[in-house]
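Step one of this worksheet: look at the structure below.
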Amino acid sequence: MGIKKTLGFGVATAALGLTLIGGGTFAYFSDTVETTGTFAAGTLDINADPTAIVNLNNLKPGDTIPRTFKLKNDGTLDIKEVLLKTSYTVTNKAGAPDNTDDFGKHIKVKFLNNIDKLNDVIWETTLYDLQNQTPDAVERGFFLGERSGLRAGTTDTMAVAFEFVDNGQDQNQFQGDTLNLTWTFEAKQGDGQIR
């Protein structure tokens, strides 16, 4: 081999070596880990037992009807408040003249501490006024719960008495009338937490 060929071969070999070194053939330690997460939302599930609050016929002024029922939290989240919403419709007796007054103004609702003591009233109002209010049914001291709210899996007892108020005046316009009451309990979650 001539000197030119040897030099050319040496340069080519050196260039190839530099390319391999410059191309980055190096080794290092490494490790990886993969993490996952699951987000599952809890549930609010309020129930009442029984669902029929009161079904009575032949009421007359002065009658009082005590009732209890339970509010149950069948969900997985604590309930901060349960808003009581009231609505009703009055059906006038067929063939009778239209009422000049709202039957709901003559039905008083008494929220009680104890169903056995009808005079142990926490708060009272008429159905007429209650339809424009939204009291918290699980507020401490409002019904029979020991504390505000309704923890998951627990029950509060609600004691009420409905009174057809005898106002000492002519109430004949309500004879044969029907009042259909709907109470809707709307559960609200508690405040969010850092977890």
Side-chain angles (χ1 to χ4, degrees), residues 44-75 78-93 96 98-151 153-188 190:
L44 288 179
D45 186 5
I46 187 82
N47 287 298
D49 181 29
T51 54
I53 303 168
V54 62
N55 266 336
L56 287 176
N57 295 318
N58 298 320
L59 287 178
K60 61 186 177 304
D63 283 351
T64 299
I65 309 101
R67 290 289 185 266
T68 61
F69 61 96
K70 298 185 181 303
L71 291 177
K72 301 186 295 184
N73 182 352
D74 289 332
D78 292 347
I79 294 172
K80 181 178 182 179
E81 60 184 1
V82 178
L83 301 179
L84 171 59
K85 298 181 178 181
T86 301
S87 63
Y88 64 86
T89 57
V90 177
T91 305
N92 202 27
K93 179 183 174 186
D98 288 340
N99 293 338
T100 59
D101 202 359
D102 189 321
F103 194 14
K105 291 180 180 178
H106 296 260
I107 304 293
K108 187 179 284 186
V109 186
K110 297 179 179 184
F111 298 95
L112 308 169
N113 257 334
N114 188 329
I115 196 65
D116 298 323
K117 298 177 182 172
L118 295 180
N119 60 351
D120 200 4
V121 177
I122 299 168
W123 182 59
E124 65 182 53
T125 188
T126 64
L127 284 178
Y128 178 82
D129 289 331
L130 190 56
Q131 69 183 340
N132 296 313
Q133 302 168 5
T134 51
D136 181 358
V138 292
E139 184 179 2
R140 182 185 174 112
F142 189 72
F143 293 137
L144 300 182
E146 298 80 30
R147 53 188 295 266
S148 291
L150 190 57
R151 297 178 72 90
T154 62
T155 301
D156 270 359
T157 301
M158 184 173 175
V160 296
F162 299 94
E163 179 187 353
F164 185 174
V165 177
D166 183 349
N167 65 6
Q169 299 172 10
D170 181 353
Q171 293 174 289
N172 285 331
Q173 62 179 311
F174 302 123
Q175 285 190 52
D177 287 359
T178 304
L179 186 146
N180 291 308
L181 172 64
T182 301
W183 270 356
T184 303
F185 294 94
E186 181 182 357
K188 301 277 191 176

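Any value given below was found using the heavy atoms of this structure, including those in side chains, with hydrogens, waters and symmetry copies removed. None of these values were measured; they are calculated from a predicted model. Residue indices begin at 1 and follow the sequence shown.
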| query | Do Leu59 and Phe174 have side-chain heavy atoms sitting under 4.5 Å apart? | reply | no
| message | Assess the residue pair Leu112 and Val121 against the criterion (side chain to side chain contact (heavy atoms under 4.5 Å, CB included)); give the C-alpha distance rounded to whole Å, side-chain angles, the decisive distance to 0.1 Å, and a yes or no. | response | CA-CA 5 Å; Leu112 308 169; Val121 177; 3.8 Å; yes
| said: Do Leu179 and Phe164 make a side-chain contact, defined as non-hydrogen atoms from C-beta onward lying under 4.5 Å apart? | reply: no
| query | Is there a donor-acceptor contact under 3.5 Å from the side chain of Gln131 to the main chain of Tyr88? | reply | no
| request: Check Thr182, Leu130, Thr134 against Lys85 for a side chain to side chain contact (heavy atoms under 4.5 Å, CB included) and give me the one that passes. | output: Thr134
| field | Lys80/Asp136 under side chain to side chain contact (heavy atoms under 4.5 Å, CB included): CA gap, chis, key distance, verdict | value | CA-CA 9 Å; Lys80 181 178 182 179; Asp136 181 358; over 6 Å; no
| remark: What one should report as the nearest heavy-atom pair of Ala48 and Leu71 is CB-CD2, 4.3 Å
| query | When rounded to the nearest 0.5 angstrom, what distance separates NZ in Lys105 from CG in Asp102? | reply | 6.0 Å
| query | When rounded to the nearest 0.5 angstrom, what is the spacing between CG in Asp74 and OG1 in Thr154? | reply | 9.5 Å
| remark: Separation between OG1 (Thr86) and CG (Asn132), nearest 0.5 Å, reads 9.5 Å
| said: I'd like to check Ile46 versus Leu150 (side-chain heavy atoms, cut-off strictly below 4.5 Å). Are they in contact? | reply: yes
| Minimum heavy-atom distance between Lys70 and Thr155, given as atom pair plus value | CB-CG2, 3.5 Å
| query | How about Tyr128: does its OH atom have over 12 heavy atoms from other parts shown lying under 6.0 Å from it? | reply | no
| Taking Asp177 for the side chain and Lys93 for the main chain, is one N or O donor matched with an acceptor at less than 3.5 Å? | yes
| Distance, nearest 0.5 Å, that separates CE of Met158 from CZ of Arg67 | 13.5 Å
| field | Within-4.5 Å side-chain heavy-atom neighbours: Phe111 and Leu84 | value | yes
| request: Write down the atom of Val165, the atom of Pro61, and the distance for their closest heavy-atom approach. | output: O-CB, 4.2 Å
| said: What's the separation between atom CG in Asn57 and atom OG1 in Thr178, rounded to the nearest 0.5 Å? | reply: 8.0 Å
| query | Are side-chain heavy atoms of Val160 and Trp183 found at a separation under 4.5 Å? | reply | yes
| said: Show, in sequence, the C-alpha distance, side-chain angles and deciding distance for Glu163 and Lys110, and conclude whether the side chain to side chain contact (heavy atoms under 4.5 Å, CB included) test is met. | reply: CA-CA 8 Å; Glu163 179 187 353; Lys110 297 179 179 184; 3.0 Å; yes
| field | Smallest separation among heavy atoms of Leu44 and Asp78, with atom names | value | CD2-O, 4.0 Å
| query | For Asp156 and Gly149, which heavy atoms make the closest approach, and how far apart are they? | reply | OD2-O, 4.0 Å
| Under a 4.5 Å cut-off applied to non-hydrogen side-chain atoms, are Phe103 and Gln173 in contact? | no
| said: Rounded to the nearest 0.5 Å, what separates atom OG1 in Thr89 from atom CG in Asn180? | reply: 4.5 Å
| Taking atom types as modelled and ignoring hydrogens, do the side chains of Asn47 and Asp45 form a donor-acceptor contact shorter than 3.5 angstrom? | yes
